[in-house]
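Throughout, a chain's letter reflects where its sequence line sits, starting with A, and its residues are numbered from 1.
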Amino acid sequence: MGLIVWDNGRVRRAKLEDYMDAVYILLNLIPPGMVTSYSTIAKILKVNSRLIGRILALNRDLIIVPCHRVVRSNGSLGGYSRGVMFKRKLLELEGVAFNNLRVSRRCFLENLL
DNA sequence: CATCGAACCAACC
DNA sequence: GGTTGGTTCGATG
């Protein structure tokens, strides 16, 4: 599955980098102190959840694209290109609560519905 | 609750 | 073609 894109007169399947702008927009809908999961983003974009991790790993601009706000659906941190310790620090600074090694359920945006 | 393993799929070799 | 990820989900104890 995945998106189909128009590329200079040709229709083709989207490459990972083609998702960056969409991911950027979605991530900016997550307020500080909240997180979402790889699978939530994946469902929106119609890709496999592992691909979201790889798309986020492409992100060079950690200032404007807050990819630290995406964690595993079970609350464990997942990865981060600059190390999960740093990811946890960032989340805590923003007010995300942890139970041991897991992000608290109440900090997941999808649980507020 | 925790652990396990299959399924996922584009990129890279 | 095989391996590899910033993962998930269901099954099992």
Side-chain angles (χ1 to χ4, degrees):
Chain A
M1 286 269 103
L3 299 179
I4 307 298
V5 298
W6 183 254
D7 179 11
N8 255 324
R10 289 291 168 204
V11 175
R12 63 166 172 78
R13 178 134 298 161
K15 301 174 186 164
L16 293 187
E17 56 178 279
D18 296 323
Y19 291 99
M20 285 306 295
D21 289 347
V23 169
Y24 163 72
I25 289 171
L26 292 176
L27 262 51
N28 276 283
L29 296 174
I30 310 171
M34 294 279 124
V35 300
T36 191
S37 70
Y38 295 99
S39 72
T40 298
I41 306 281
K43 280 169 194 150
I44 293 169
L45 297 181
K46 307 256 215 224
V47 299
N48 185 264
S49 48
R50 293 199 86 150
L51 295 186
I52 298 299
R54 299 181 53 207
I55 290 163
L56 293 182
L58 289 178
N59 174 28
R60 301 273 165 257
D61 206 340
L62 301 187
I63 309 288
I64 65 164
V65 184
C67 47
H68 59 281
R69 295 184 193 143
V70 185
V71 301
R72 289 191 183 169
S73 51
N74 69 5
S76 66
L77 276 181
Y80 197 61
S81 42
R82 317 242 169 138
V84 289
M85 297 308 284
F86 187 48
K87 183 174 186 176
R88 175 160 182 153
K89 280 276 191 288
L90 285 175
L91 290 172
E92 285 176 333
L93 280 175
E94 294 181 342
V96 171
F98 282 79
N99 300 323
N100 203 358
L101 294 177
R102 304 263 168 98
V103 171
S104 303
R105 280 312 262 171
R106 68 168 183 282
C107 295
F108 277 81
L109 211 49
E110 42 275 73
N111 284 343
L112 296 184
L113 222 48

Tell me the interatomic distance from A:Arg54, atom CZ, to C:dT8, atom P, rounded to whole angstroms. 15 Å
Could you state the atom-to-atom distance from OH of A:Tyr19 to P of C:dG6 in whole Å? 18 Å
When rounded to the nearest 0.5 Å, the distance separating OG1 of A:Thr40 from CD of A:Glu110 is 3.5 Å
Contact between A:Arg69 and A:Pro32 at the side-chain level, heavy atoms closer than 4.5 Å - yes or no? yes
Distance check, C1' atoms only: C:dG5 and B:dC8, in whole angstrom units. 11 Å
Quick one: does A:Asn28's side chain have a donor or acceptor within less than 3.5 Å of a partner on A:Ile25's backbone? no
Could you check whether A:Leu16 gets within reach of a base, just the sugar-phosphate, or nothing at all, counting any heavy atom under 4.0 Å? sugar-phosphate
In whole Å, what is the span from the CG atom of A:Leu51 to the P atom of C:dG6? 11 Å
For the residue pair A:Ser76 and A:Leu101, establish whether any side-chain heavy-atom pair is separated by less than 4.5 Å. no
Closer than 4.0 Å, any side-chain N/O of A:Ser39 to the OP1 or OP2 of C:dT7? no
Report the distance from atom CZ of A:Arg60 to atom CE of A:Met20, rounding to the nearest 0.5 Å. 9.0 Å
Do A:Val71 and A:Val96 have side chains that approach each other closer than 4.5 Å (heavy atoms only, starting at C-beta)? no
Considering all heavy atoms of both residues, which atom of A:Ser37 and which atom of A:Ser73 are nearest to each other, and what is their separation? CB-CA, 3.8 Å
Going by heavy atoms in the side chains, are A:Ile30 and A:Glu94 under 4.5 Å from each other? no
Under the 6.0 Å and 45° cation-pi test, does A:Arg82 pair with A:Tyr80? no
Comparing A:Lys43 and A:Tyr38 on DNA chain C - which has the more 5′ nearest nucleotide: A:Tyr38
To the nearest Å, give me how far apart CG (A:Asn59) and C1' (C:dG6) are. 11 Å
Grab the N/O contacts between the protein and nucleotides 10-13 of chain C below 3.5 Å, and write none if there aren't any.
none

Round to the nearest Å and state the distance from A:Leu58 atom CG to C:dG6 atom P. 10 Å
Classify A:Lys15 by what it touches in the nucleic acid, base, sugar-phosphate, or nothing, heavy-atom distance under 4.0 Å. sugar-phosphate
Could you check whether A:Arg102 gets within reach of a base, just the sugar-phosphate, or nothing at all, counting any heavy atom under 4.0 Å? sugar-phosphate
Rounded to the nearest angstrom, tell me the gap between atom CZ in A:Arg50 and atom P in C:dG6. 8 Å
What does A:Arg72 touch in the nucleic acid at a heavy-atom separation under 4.0 angstrom: a base, only the sugar-phosphate, or nothing? sugar-phosphate
With a 3.5 Å distance limit and no angle check, can you tell me whether A:Tyr24 reaches the backbone of A:Ile64 through a side-chain donor-acceptor pair? no
Starting at the 5' end of DNA chain C, write a dot or bracket for each base, bracketing those in Watson-Crick or G-U wobble pairs whose two distances are under 3.5 Å and using | for partners on another strand. |||||.|||||||
Is A:Gly78 touching bases, backbone alone, or none of the nucleic acid, heavy atoms closer than 4.0 Å? sugar-phosphate
With heavy-atom distances below 4.5 Å as the criterion, would you say the side chains of A:Thr36 and A:Phe108 are in contact? no
Note, A:Phe98 side chain near A:Leu91 side chain (heavy atom, < 4.5 Å): yes
Whole-Å distance separating the CG atom of A:Leu62 from the P atom of C:dG6: 14 Å
Check whether the side chain of A:Tyr80 and the base of C:dG6 form a donor-acceptor pair under 3.5 Å. no
Taking CE from A:Met20 and P from C:dG6, how many angstroms apart are they, rounded to a whole number? 14 Å
Chain A reaches DNA chain B, atoms under 4.0 Å from its heavy atoms, from B:dA2 to B:dA11
